[in-house]
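Below: the structure, in C-alpha cells.
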Amino acid sequence: MKILIVGKGGREHALARALSDSPSSPELFACPGSEGMSALATPVTDIPNPAALTVWMKQQGIDLCVAGEEAWLALGLADECEKAGIPCFGPFQEAAQLESSKIYAKEFMTRHNVPTGGFEVVDNAADCRAAVKSYPTVLKYNGLAAGKGVAVCTTEAEMEEFVKMVFEDKQFGEDRVFVEEFLDGKEVSVICAVAGDDYQYFTPARDYKRLKENDLGPNTGGMGAVASRRLLDPEMAERIEKTIIQPTVDGLKKDNLRYCGFLYWGIILTKEGPKVLEFNCRFGDPEAQAVLPLVEGDFAEFLFQAAQGKLNAGLLKFHEGWSITLVMASKDYPAKGGSGDVISGLDDVKEGRVYHAGTRLNDEGAFETNGGRILTVSRTGNTREEARDAAYAELKKISFDGAQIRTDIGTLHFE
Ligand code: GLY
C-alpha cells in the first residue's frame with residue numbers, strides 16, 4: 001500500500017512513524033514532508049495545490065491520502081481526492097470549516113446542543129472593545145491564523161494588542177473576531193477517528209500551550225503534551241462521550257456534512273461540566289506525538305478502511321499507560337523562528353522517539369534549527385512519573401543554542 005501524508009511538522013512525523021510501524025508495511029510519502037522524516041516518508045515538494053497533488057497521486061498510484069495539516073483540507077484536499085477516486089482520511093472542505101471558521105463551529109455547536117461558552121461576533125475595533133465586559137476574556141480571529149489567532153486577555157493592554165494585530169495591522173487577513181466567555185478549568189484534547197456516523201475514541205491528551213512553566217508567557221503552538229486513557233476518570237470520559245462526542249457526530253449527520261477523518265475537540269472541564277473550546281479537523285500537534293506512541297496494531301490498514309467509511313476498531317489496541325511529549329523550541333519562539341543552530345545529541349536518543357518539526361540538514365549533513373518549534377521527544381511508561389522521567393532524560397541528550405523547553409509537562413494540572 002502507498003500512502004501520502006500531507007504536512008511537514010512533528011505531527012506528520014508521528015503519523016509517519018505510526019504508519020510505518022504497521023504490519024501492513026506501507027510505502028510512505030509526505031507532501032512536503034521534511035528531511036527529518038525522510039527516512040520514513042519520501043518528501044514530495046513543489047506541489048502548489050490539492051488539484052495538482054491528486055494528479056501526482058494518480059501518477060504514483062497512491063492508495064491513501066492522510067491529511068495532517070488543516071490548511072490543505074480548507075483548500076479542498078478531500079474534495080479533490082474524491083474527484084480523483086483516491087481514499088482520503090481528512091474531511092471535505094465544507095466540514096473542515098469546523099476548524100477554518102470559528103463562527104461556523106460555534107453555530108454548529110449551538111444548533112446541536114454541544115456545550116460551549118457564550119460569544120459575540122464583531123468586525124471592527126470599536127465593537128470589539130465594547131463586547132469585552134470583563135477580564136479574562138477570549139478573543140478569536142475567525143479564520144486560520146497558524147495557531148496565533150486566539151488571545152486569552154487578562155488586561156485591557158493585552159486586549160488592545162490583539163485588536164491592533166487583527167484590525168489595524170490585519171496580520172491574518174480581513175475576517176471577523178469573536179469575543180468569547182472565558183472557560184475556567186483544566187483542558188483536555190479528545191481526538192476521534194470519525195467515518196460517517198461511527199467514531200473511534202483515541203487516547204485523550206493534555207496540551208501545554210503557554211511558553212513558560214506554570215502556564216505563563218505567550219501562547220504557542222504547544223510546548224508539550226501528556227496522553228493516557230487514565231487522564232479522565234471513567235465518569236468524565238462517559239459524560240464527554242454522551243454530551244459532546246455523540247451530539248457532534250449526530251450533528252454532522254443532521255447537517256448532511258459527510259465527515260471522514262480525525263476530529264479534535266478542545267474541551268475545558270468547567271465547574272458546570274465539560275464545554276467545547278474548539279474543533280480541529282485533524283490530529284492535534286503536539287498531541288499526535290504523545291497519543292500515537294500508545295497506539296498498537298495496524299494503523300495503516302485502519303486508516304485505509306476508515307477512509308472508505310469503515311471503522312474497524314479491532315485493528316487497533318491502545319496502551320493503558322502514559323505518554324509524555326516534550327517540545328524543544330528555538331530561542332526567539334514564538335515571536336520568530338530560529339535558523340542555523342546545529343542540533344547535537346540526536347543519535348544519543350536510543351529509547352525515545354524524536355519527531356522533527358522545524359529542522360533541516362546543513363552542508364555538513366548535520367541537522368540544524370529551521371523554525372519555531374524544532375522537535376519533540378516522546379516516551380511512554382506505565383505511570384505518568386515513569387513516562388515523564390524517561391522523556392526528560394532523553395531530552396537532556398539533545399541540545400542547540402538557545403533551546404527553550406518547559407520543565408513542568410506532565411506535572412502541572414495533575415496536582
Ligand atoms: N494542540 C492544539 C492544536 O493542534 O491545535
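Residues take their numbers from the sequence shown, with the count starting at 1. These values consider heavy atoms only, across backbone and side chains, with no hydrogens, waters or symmetry-generated copies.
Scored by the salt bridge (charged side-chain N to carboxylate O under 4.0 Å, His left out) test, Glu80 finds Lys83 as partners (sequence neighbours excluded). Residues passing the side chain to side chain donor-acceptor pair (under 3.5 Å) test with Lys8, sequence neighbours excluded: Glu69. Every residue was checked against the ring-ring contact (aromatic ring centres under 6.0 Å, His included) condition with Phe167, not counting sequence neighbours, and none meets it. For Arg230, there are no salt bridge (charged side-chain N to carboxylate O under 4.0 Å, His left out) partners at least two apart in sequence or on another chain. Applying the salt bridge (charged side-chain N to carboxylate O under 4.0 Å, His left out) test to Asp198 and every residue at least two apart in sequence or in another chain returns nothing.
Counting only N and O atoms by type, the side chains of Glu301 and Ser24 include no donor and acceptor under 3.5 Å apart. Gln171 and Tyr141 share no donor-acceptor pair across their side chains, judged by distance under 3.5 Å alone. Asp215 and His413 form a side-chain donor-acceptor contact under 3.5 Å, judged by distance and modelled atom types alone.
Rounded to the nearest 0.5 angstrom, Asp46 CG and Trp56 CH2 are separated by 12.5 Å. Taking OG1 of Thr411 as the start and CZ of Arg388 as the end, the distance is 3.0 Å to the nearest 0.5 Å.
Judged by a 6.0 Å distance limit and a 45° cone about the ring axis, Arg406 is not positioned over the six-membered ring of Tyr208. With a 6.0 Å cutoff to the six-membered ring centre and a 45° limit on the axis angle, Arg229 counts as a cation-pi contact of Phe318.
Under the side chain to side chain donor-acceptor pair (under 3.5 Å) criterion, the residue pairs touching residues 316-327 are Thr325-Ser378, with sequence neighbours excluded.
Ala105 approaches Leu98 most closely through the heavy-atom pair CB-O, 3.3 Å. Scanning both residues, Pro334 and Thr220, for their nearest heavy atoms gives CG-CG2, 4.3 Å. Nearest heavy atoms, Pro286 versus Gly224: CG-O, 3.7 Å. In plain terms, the two heavy atoms of Arg239 and Pro274 that are nearest each other are NE-CD, 3.6 Å. In terms of heavy atoms, Asp408 sits closest to Asn214 at OD2-N, 2.8 Å.
Ring planes of Phe172 and Phe162: tilted class, angle from 30 to 60°. A tilted orientation is assigned to the rings of His356 and His13, their planes being inclined by 30° to 60°.
You'll find the ring centres of Phe262 and Phe202 inside the 6.0 Å limit.
Counting heavy atoms from C-beta on, the side chains of Leu315 and Asn312 come closer than 4.5 Å. Residues Leu4 and Val44 have side chains in contact (heavy-atom distance under 4.5 Å, counting atoms from C-beta outward). Gln93 places none of its side-chain heavy atoms less than 4.5 Å from the side chain of Leu73. Contact check for Leu263 versus Leu252: side-chain heavy atoms found under the 4.5 Å cut-off. In this structure, Trp72 and Cys31 have side chains that are in contact, with non-hydrogen atoms separated by less than 4.5 Å.
The main-chain N or O of Met57 is never found under 3.5 Å from a side-chain atom of Gln59 such that the two would form a donor-acceptor pair. The backbone N or O of Gln97 sits nowhere less than 3.5 Å from a side-chain atom of Ser101 that would complete a donor-acceptor pair. Side-chain atoms of Asn142 do not come within 3.5 Å of backbone N or O of Val177 as any donor-acceptor pair. Listed for the Gln404 side chain is no donor-acceptor partner under 3.5 Å among the backbone atoms of Ala329. Of the possible donor and acceptor atoms, one in the side chain of Glu386 sits under 3.5 Å from a partner among the backbone N and O of Asn382. Checked by atom type and distance alone, the side chain of Arg11 pairs as donor or acceptor with a backbone atom of Phe283 at under 3.5 Å.
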